[in-house]
Enquirer: 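Dropping the structure in here first, questions after.
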Amino acid sequence: MPEREEELIRSRRDKLQRIREKGIDPYPTRFPRTHTTRLAAELLLNLEASDGEGGRTSAVSVAGRVITSRIMGKAAFLDLRDGVGKIQLHLRRDVLGDDYDLVRDLDLGDFLGVHGPVFRTRTGEATIEVEQLTILSKSMHPLPEKWHGLRDVEQRYRQRYADLISNPEVAQVFVQRSQIINSIRGFLNRRGFVEVDTPVLVPIAAGAFAKPFVTHHHTLDEQLYLRIATELYLKRLIVGGFDKVYELGKVFRNEGMDQDHNPEFTTLESYEAYADYNDVMQMVEEMVSTAALETLGSCQVQFGEETIDLTPPWKRLSLRDEILKRGNIDIEEYNTAASLEARARELGLEVRAEGSWGRLVDKLLSLLVEPQLMQPTFMVDYPDEMSPLAKPKAGMPGYAERFEAYAAGMEFANAYTELNDPDLQRERLLGQEEMRRLYQDDEVERLDEDFLVSLGLGMPPTGGLGVGIDRLVMLLTGQTSIRDVLLFPQMRSLK
RNA sequence: GGCCCGCUAGCUCAACUGGCAGAGCAACGGACUCUUAAUCCGUAGGUUCUCGGUUCGACCCCGAGGCGGGUCACCA
């Protein structure tokens, strides 16, 4: 540690020592609060409403962290912050007597419990006249600076606790995140969905195209993976007789990181028996607009320059039409990997040479269409080659009953009518295995034999949904980076 | 992974063309009983991300590396 920082800490240690020498425990076990900072200020407002200005409330007990101090000899003003707000403290020698000496052993960052009446200062600020002062926790490390706060992006992510202390508005996003998730739970629960937990440690990482994290169980001496999706377990539950299930939880994908990818992220997956993807579409627009209304009070959300209107119904666009319209490529005309790739290159698009046709279509979608989709939009009817778990669309050979939801140029949901024909499902998954061999693509769907066994018992027609919760939170809170909706985004370890 | 940008005191930031590394806040000592970016006087504090090079002299130029951000690639 640099010498200078040691000095700052030494000064705090000296104070700690002095406090202990006075027989005071700088880390006591509890402090009974009667009021939060906010309630204490409201108490004064209520008093003033009934008795007029200039009064003092009965004594309150409030606790929090000292965030600023203005010491003037025999009196001092401190600002105390708790989880809901802050309130000013007034400390006077003629009120506190010798206890006032403690002021010189206080630092910014310490936790205090105070007891005393609330009054209003000449400048109009609700203030506690401290009659009793209790140190609740001594802070040993200096806080970031009070005007600018902690700005360094790296340190804000690595030391989120310091970020939250220094930039209290950051907490607001995470409060909203909690409210959004609560709203979604409430929405699904009201509709009769049952929330379940399925394994995170799995013998086969299936249900999505992604590289898994690999781990090992010692007692079983087996290689296990962290799940990349919850899909196949939830469908097993539909087979088992649950009509409506959902899971909110973390999944893990061993891939790149950027503004909208973190290696671990939260998904919602839901499955509803006897529903199809049209029903799911309706549910998604209702669920998302309800979450916006319940947490923001409006279906209009600000995202950068754009105002995004989440009021249903959302636009529905066909994947083939959009790629044709925006990219001048008809995926039906170029129906092989080679011809599609040639066509894309002809139009000056950078596409990977060794991709399957389905992967190329996906590439074109994210290149040509996705960035344009600011307003909430359902992209419908995906080629079944890129949707091995989805049911073929009736009357539209080669296509699956699948949609993805987009907004703010970002995909945030994916859904389909689930494939429940066990023979066709096996065929599809074998096709994926073939694809893996052909393209050395280790991100294709894996064959989960037990899942096929469950389908063999019979699965009702089912509408399934996956939502990227972090991206949905980004959308609703106007954050452009996933790191700003994750309290502890993944960071490289410091050596 | 490619390219661009950043990394200087605990925090926020300066430092000319390569010429003594500075300020504010925080800290420390002192004054101060209605301040709120409190004020006033004084003090201390640096591995300029790391390593190497060029140079009389490097925060600055060159090379390698680290971490972060952006972008492209990758990626449901």
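Residue numbering restarts at 1 for every chain, and letters A, B, ... go by the order of the sequence lines.
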Enquirer: Contact class for A:D79 (heavy atom, under 4.0 Å): base, sugar-phosphate, or nothing?
Expert: nothing
Enquirer: Where the side chain of A:D152 is concerned, which of B:rU12, B:rC75, B:rC74 is the nearest nucleotide?
Expert: B:rU12
Enquirer: Paired with B:rG1 by Watson-Crick or G-U wobble geometry, both distances under 3.5 Å: which nucleotide is it?
Expert: B:rC72
Enquirer: On a whole-Å scale, what distance lies between the P atoms belonging to B:rG42 and B:rC4?
Expert: 48 Å
Enquirer: Under 4.0 Å, heavy atoms only, any strand: does A:M491 hit a base, just the sugar-phosphate, or nothing?
Expert: sugar-phosphate
Enquirer: Just the table, please: protein N/O against nucleotides 28-34 of chain B N/O, every pair under 3.5 Å.
Expert:
residue: B:rC28; atom: OP1; partner: A:S11; partner atom: OG; Å: 3.4
residue: B:rC28; atom: OP1; partner: A:K15; partner atom: NZ; Å: 2.3
residue: B:rC32; atom: N3; partner: A:G73; partner atom: N; Å: 3.0
residue: B:rC32; atom: N4; partner: A:G73; partner atom: N; Å: 3.2
residue: B:rU33; atom: OP2; partner: A:K74; partner atom: N; Å: 3.4
residue: B:rU33; atom: O2; partner: A:R92; partner atom: NH2; Å: 3.4
residue: B:rU33; atom: N3; partner: A:D94; partner atom: OD2; Å: 3.3
residue: B:rC34; atom: O2'; partner: A:R122; partner atom: NH1; Å: 2.7
residue: B:rC34; atom: O2; partner: A:R122; partner atom: N; Å: 2.9

Enquirer: Where the side chain of A:E411 is defined as all heavy atoms beyond and including C-beta, which of B:rA76, B:rG69, B:rU12 is the nearest nucleotide?
Expert: B:rA76
Enquirer: Give one of base, sugar-phosphate or nothing for A:Y416, where a contact means two heavy atoms less than 4.0 Å apart.
Expert: base
Enquirer: Counting only N and O atoms by type, is there a donor-acceptor contact under 3.5 Å from the side chain of A:R56 to the main-chain atoms of A:V118?
Expert: no
Enquirer: Pairing check on B:rG52: which nucleotide meets the Watson-Crick or G-U wobble criteria with it, both distances under 3.5 Å?
Expert: B:rC62
Enquirer: To the nearest Å, give me how far apart CD (A:Q159) and P (B:rG10) are.
Expert: 13 Å
Enquirer: Do A:N414 side-chain and B:rA76 base share a donor-acceptor contact under 3.5 Å?
Expert: yes
Enquirer: Using only side-chain N and O atoms of A:K146, determine if any of them is under 4.0 Å from OP1 or OP2 of B:rA26.
Expert: yes
Enquirer: Would you call the rings of A:F77 and A:H90 parallel, tilted or perpendicular, where under 30° means parallel and over 60° means perpendicular?
Expert: parallel
Enquirer: Looking at B:rC28, which nucleotide sits across from it as a Watson-Crick or G-U wobble partner, both distances under 3.5 angstrom, or is there none?
Expert: B:rG42
Enquirer: Roughly, in whole Å, what's the span from NE2 in A:H261 to C1' in B:rA73?
Expert: 13 Å
Enquirer: Name all residues meeting the side-chain contact (heavy atoms from CB on, under 4.5 Å) criterion together with A:T68; count only those two or more places apart in sequence or in a different chain, and write none if there are none.
Expert: A:R70, A:D79, A:K146
Enquirer: Taking only N and O in the side chain of A:R253, is any of them less than 4.0 Å away from OP1 or OP2 of B:rC75?
Expert: no
Enquirer: What integer distance in Å separates A:N262:CG from B:rG69:P?
Expert: 11 Å
Enquirer: The test is side chain to side chain contact (heavy atoms under 4.5 Å, CB included); show your working for A:M474 and A:F412 and say whether it passes.
Expert: CA-CA 10 Å; A:M474 286 168 67; A:F412 68 91; over 6 Å; no
Enquirer: For a quick check of understanding: with a heavy-atom distance under 4.0 Å over all strands, which category does A:Q155 fall into, base, sugar-phosphate or nothing?
Expert: sugar-phosphate
Enquirer: Taking CG from A:L8 and C1' from B:rC25, how many angstroms apart are they, rounded to a whole number?
Expert: 12 Å
Enquirer: For atom P, what is the distance between B:rC62 and B:rG6, given to the nearest Å?
Expert: 12 Å
Enquirer: With a cut-off of less than 4.0 Å, is there a side-chain N or O of A:R359 near OP1 or OP2 of B:rC75?
Expert: yes
Enquirer: So for atom CZ, which belongs to A:R93, do other residues, nucleotides or ligands contribute more than 12 heavy atoms lying within a distance under 6.0 Å?
Expert: yes
Enquirer: Between A:H148 and A:R70, which is nearer to the 5' end of RNA chain B once each is assigned its nearest nucleotide?
Expert: A:H148
Enquirer: Need one value for A:G466: base, sugar-phosphate or nothing, where a base atom within 4.0 Å counts as base even if backbone is also close, heavy atoms only.
Expert: nothing
Enquirer: Please evaluate residues A:E341 and A:R343 with respect to the criterion salt bridge (Lys or Arg N to Asp or Glu O under 4.0 Å), reporting the C-alpha separation (whole Å), side-chain torsions for both, the decisive distance (0.1 Å), and the verdict.
Expert: CA-CA 5 Å; A:E341 188 199 320; A:R343 174 65 177 155; over 6 Å; no
Enquirer: Tell me, please, which residues at least two apart from A:E145 pass side-chain contact (heavy atoms from CB on, under 4.5 Å).
Expert: A:W147, A:H148
Enquirer: So if I apply the salt bridge (charged side-chain N to carboxylate O under 4.0 Å, His left out) rule between A:D105 and each of A:K15, A:R18, A:R13, A:R12, which one comes out positive?
Expert: A:R18
Enquirer: Distance criterion of 3.5 Å, no angle test: do you see the side chain of A:Q88 paired donor-to-acceptor with the base of B:rU35?
Expert: yes
Enquirer: Tell which nucleotide pairs with B:rA9, taking only Watson-Crick or G-U wobble pairs whose two distances are both under 3.5 angstrom.
Expert: none
Enquirer: For the atom pair CG (A:D99) and CG (A:L91), what is the distance rounded to the nearest 0.5 Å?
Expert: 10.0 Å
Enquirer: What's the gap between B:rC25 and B:rA9 when it is taken at their C1' atoms, as a whole Å value?
Expert: 12 Å
Enquirer: Any strand is fair game: report the nucleotide pairing with B:rG18 by Watson-Crick or G-U wobble, both distances under 3.5 Å, or none.
Expert: none
